[in-house]
Amino acid sequence: MSTTTAPAAGTSDGVDDGLPGGLVALAKAHAQATSHEPLTTPVPVPLSGEGGTPIRLSRRESELVEAAYEIETSDAAAAGEIGYAARIWTQLALPYSDPGAVPRWERRNGAITLIMRPATILGPDGQSEDGYPFGVLPRYLLSWMATEAVRTQNPCLDLGGSFNEFMGRLGLGHNGRDAGRLKNQIYRLVGATMQIQEVHREGDGHRVGGQNFSVAESFDLWLPGRGDISDDQGALWSNTVTLSPQFYRSIVQTPVPVDLRALRALKGAPMRLDIYTWLTHRMSYLSRSTLVPWSALEVQFGGQFARRRKFKETFVKNLAAVSALYPAANVHVEDAGLRLFPSAPHVSTRAARALAGGDPTATGSRPKR
């Protein structure tokens, strides 16, 4: 990747945890300084930058550099680290932070707009509250749903052993706190109702098309009380989610392969996860250089920012983290926007299709947009 050095912007709405923009250079410096030996210590490690200037990495930065080296030196299929994303969530995104008590939430990508209405969460005492899925957890949940649907070719998903294994591989423990947060976000995700609208100008007017959908057709969840729960207690109760027919078809017909090691390394900032899945999907069909204006990127990724300059700073910093893991993505940060050049997707679509047992709906080697 070629990009400008990211500005040293601060945190914003949980989107950016202060990673420096030179992570690609840091990854190279790590390889040179250690002769490709992995970092084994969690404390900052001195590296040599330009002119021999010492570089010290935090624990988080060290983890990202390590993941970059692992991904570069071992194929995702060989490492057993191929997962999937639903194509719709590579184009549109969930909220980064809790939208609060609003009747609907919107996110746009070009002519396509996602309109989401919150789930109504009922308690055992009959009290109810509305809530939206937000943050990193529902993104991981959607990745698990897509991966499991492709693996089993079944819309009925059991949140049992495979779910716990998947979440464990992404760095989420099985303790009570994580279990409670996951169950709450599952409830919000499967209970929310969504609509996708597409608007195009035609002559003196415009044409509007749309589809109503939800992630789940039905669900049966055991939810913890106010206190933490143990693994054994949670395991006593069955938890199932049956994907809606529209969502299930969208997954198995056009799954987007991703590297689970990248999802794990990009934890903590939902914008990074969104940039990664969007970029690898976009590169799977990009045939010529394309400039994506900052205005378009802002409505797709950064609706919570008051100023475009702040969005741009945060986006570029998060892009740097993604590029450390996906250096084959040839992108240039320009004054007018982000220029994309044809590049290989992060995970080979052919290898992913073979691993999934083939895509019976595929008609060619290029995935659908």
Q: Set out, in order, the CA-CA distance, both residues' side-chain angles and the distance that settles side-chain hydrogen bond (donor to acceptor under 3.5 Å, both in side chains) for T120 and D130, then state yes or no.
A: CA-CA 4 Å; T120 298; D130 291 344; 3.1 Å; yes
Q: Does the structure place the NZ or CZ of R107 under 6.0 Å from the centre of the six-membered ring of Y96, at an angle of no more than 45° from the ring's axis?
A: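 Positive - R107 is close enough to the ring of Y96 and near enough to its axis.
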Q: Assess whether side-chain hydrogen bond (donor to acceptor under 3.5 Å, both in side chains) is satisfied between N109 and Q91, documenting all intermediate values.
A: CA-CA 7 Å; N109 181 356; Q91 301 170 303; over 6 Å; no
Q: More than 12 foreign heavy atoms under 6.0 Å from CG of D204: is that the case here?
A: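 No, the 6.0 Å shell around CG holds no more than 12 heavy atoms from other groups.
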Q: Just by modelled atom types, is the L157 backbone N or O under 3.5 Å from a matching donor or acceptor in the T240 side chain?
A: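 Flag not set: sc T240 to bb L157 has no pair under 3.5 Å.
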Q: Atom CD1 in I82, atom OG1 in T147: separation rounded to 0.5 Å?
A: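 One finds 10.0 Å between CD1 of I82 and OG1 of T147.
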Q: Closer than 4.0 angstrom, basic N to acidic O: yes or no for E202 and R207?
A: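 Result for this pair is yes, salt bridge flagged.
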Q: Does this structure show an ion pair linking K312 with E298, if we count only N-O contacts that are shorter than 4.0 Å?
A: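 Salt bridge: no.
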Q: Keeping S323 on the side-chain end and A320 on the backbone end, is there a donor-acceptor pair under 3.5 Å?
A: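 Side chain of S323 to backbone of A320: no pair is present.
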Q: Any salt bridge (charged side-chain N to carboxylate O under 4.0 Å, His left out) involving residues 274-285? Give me the pairs, sequence neighbours left out, ordered by first then second residue.
A: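 Passing the test, one end in residues 274-285: R139-D274.
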Q: Judged by modelled atom types alone, do R339 and S289 share a side-chain donor-acceptor pair under 3.5 Å?
A: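 Short answer, yes.
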Q: Is the shortest heavy-atom distance from the side chain of R151 to the side chain of Y84 under 4.5 Å?
A: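 With C-beta onward as the side chain, the pair stays apart.
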Q: Strictly distance-based, threshold 3.5 Å: is any side-chain N or O of T90 a donor or acceptor partner for the main-chain N or O of R87?
A: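 The answer is yes, because a donor-acceptor pair under 3.5 Å joins these two groups.
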Q: Charged N to carboxylate O under 4.0 angstrom, E106 versus R108?
A: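 A salt bridge is absent here (no side-chain N lies under 4.0 Å from a carboxylate O).
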Q: Please round to the nearest 0.5 Å and tell me the distance separating atom OG of S244 and atom CZ of R249.
A: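 One finds 8.0 Å between OG of S244 and CZ of R249.
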Q: Between V256 and I88, is there a shared hydrophobic cluster once you connect ILVMFWY residues whose side-chain heavy atoms come closer than 4.5 Å?
A: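 As far as the 4.5 Å side-chain criterion goes, I88 and V256 are not connected within one cluster.
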Q: Using the side-chain hydrogen bond (donor to acceptor under 3.5 Å, both in side chains) rule, take R117 and T193 through it: C-alpha gap first, then chi angles, then the decisive distance, then the call.
A: CA-CA 5 Å; R117 290 177 172 82; T193 57; 5.7 Å; no
Q: Quick one: pull up CG in L189 and CG in N184 and give me the separation to the nearest 0.5 Å.
A: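 It is 11.0 Å, given to the nearest 0.5 Å.
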Q: Are L92 and V102 in one and the same hydrophobic cluster, where Ile, Leu, Val, Met, Phe, Trp and Tyr link if side-chain heavy atoms are under 4.5 Å apart?
A: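 Linked, L92 and V102 end up in one cluster.
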Q: Give me the ring orientation class for F311 and W294: parallel if the planes are under 30° apart, tilted from 30 to 60°, perpendicular past 60°.
A: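 Rings of F311 and W294: perpendicular, as their planes differ by over 60°.
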Q: Do V190 and L122 sit in one hydrophobic cluster, given that two such residues count as connected whenever their side-chain heavy atoms are within less than 4.5 Å of each other, even indirectly?
A: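 The answer is yes; both residues are in one hydrophobic cluster.
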Q: Under the 3.5 angstrom rule, does the side chain of Y187 hit a backbone N or O of L221 as a donor-acceptor pair?
A: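 Such a contact is absent between Y187 side chain and L221 backbone.
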Q: Given side chain to side chain contact (heavy atoms under 4.5 Å, CB included), test L291 with E334 step by step and report yes or no.
A: CA-CA 9 Å; L291 179 69; E334 299 179 359; 3.7 Å; yes
Q: Can you check whether E217 reaches L243 side chain to side chain, under 4.5 Å on heavy atoms?
A: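 Sidechains of L243 and E217: no contact.
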Q: Got a second to check how far I121's CD1 is from Q127's CD, nearest 0.5 Å?
A: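 Interatomic distance, I121 CD1 to Q127 CD, rounded to 0.5 Å: 13.5 Å.
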Q: Show the nearest heavy-atom pair for residues T242 and C156, with the distance to one decimal.
A: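 Looking at all heavy atoms of both residues, the shortest contact is OG1-SG, 3.8 Å.
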Q: Should the pair Y326 and H346 be assigned to parallel (<30°), tilted (30 to 60°) or perpendicular (>60°) ring geometry?
A: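 Rings of Y326 and H346: tilted, as their planes differ by 30° to 60°.
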Q: With a 4.5 Å cut-off on side-chain heavy-atom distances among I, L, V, M, F, W and Y, is there a chain of contacts connecting F134 to Y140?
A: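 No: no chain of side-chain contacts under 4.5 Å links F134 to Y140.
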Q: Keeping the roles fixed (side chain from T290, backbone from R288), state whether a donor-acceptor pair exists under 3.5 Å.
A: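 Yes; at least one donor-acceptor contact below 3.5 Å.
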Q: Should the pair E313-K317 be classified as a salt bridge under the 4.0 Å nitrogen-to-oxygen rule?
A: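 Not counted as a salt bridge, because no side-chain N and carboxylate O are separated by less than 4.0 Å.
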Q: Within the side chain of S284, is there an N or O that forms a donor-acceptor pair under 3.5 Å with the backbone of P345?
A: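 No.
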Q: Hey, any chance I115 and W89 share a hydrophobic cluster, counting ILVMFWY side chains that come within less than 4.5 Å of each other, even indirectly?
A: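 No, I115 and W89 fall in different hydrophobic clusters.
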Q: Could you measure the distance from the OG1 atom of T314 to the CZ atom of F305? Nearest 0.5 Å is fine.
A: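 Spacing of OG1 (T314) from CZ (F305) equals 4.0 Å.
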Q: Grab the two heavy atoms, one from A86 and one from I251, that are nearest each other, plus how far apart they are.
A: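 Closest heavy-atom pair between A86 and I251: CB-CG1, 3.8 Å.
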Q: Could you tell me which non-hydrogen atom of D259 sits nearest to which non-hydrogen atom of A76, and how far apart they are?
A: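 In this case the closest contact between D259 and A76 is OD2-CB, 3.4 Å.
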Q: S250 side chain to Y248 main-chain N or O, any donor-acceptor pair under 3.5 Å?
A: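 It does not hold such a pair.
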Q: Between A269 and V136, what is the shortest heavy-atom contact and its length?
A: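 Looking at all heavy atoms of both residues, the shortest contact is N-CG2, 3.8 Å.
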Q: Rounded at 0.5 Å granularity, tell me how far CG in N239 sits from CG in L182.
A: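 That separation rounds to 11.0 Å.
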Q: Between the main-chain N or O of Y276 and the side-chain N or O of T280, is there a donor-acceptor pair closer than 3.5 Å?
A: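 No; judged by distance alone, with no hydrogens or angles, the pair does not exist.
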Q: Using side-chain contact (heavy atoms from CB on, under 4.5 Å) as the criterion, point out the one residue from I186, L94, L159 that pairs with L141.
A: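 Option passing the side-chain contact (heavy atoms from CB on, under 4.5 Å) with L141: I186.
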Q: Which atom names give the shortest non-hydrogen contact between A344 and M283, and what distance separates them?
A: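 Closest approach of A344 to M283: O-CB, 4.2 Å.
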Q: Taking R104's backbone N and O only, do any of them form a donor-acceptor pair with Y132's side chain (distance below 3.5 Å, no angle check)?
A: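 Side chain of Y132 to backbone of R104: a pair is present.
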Q: Answer yes or no: is there a donor N or O on one side and an acceptor on the other, between the side chain of Q153 and the main chain of V150, under 3.5 Å?
A: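 Flag set: sc Q153 to bb V150 pair under 3.5 Å.
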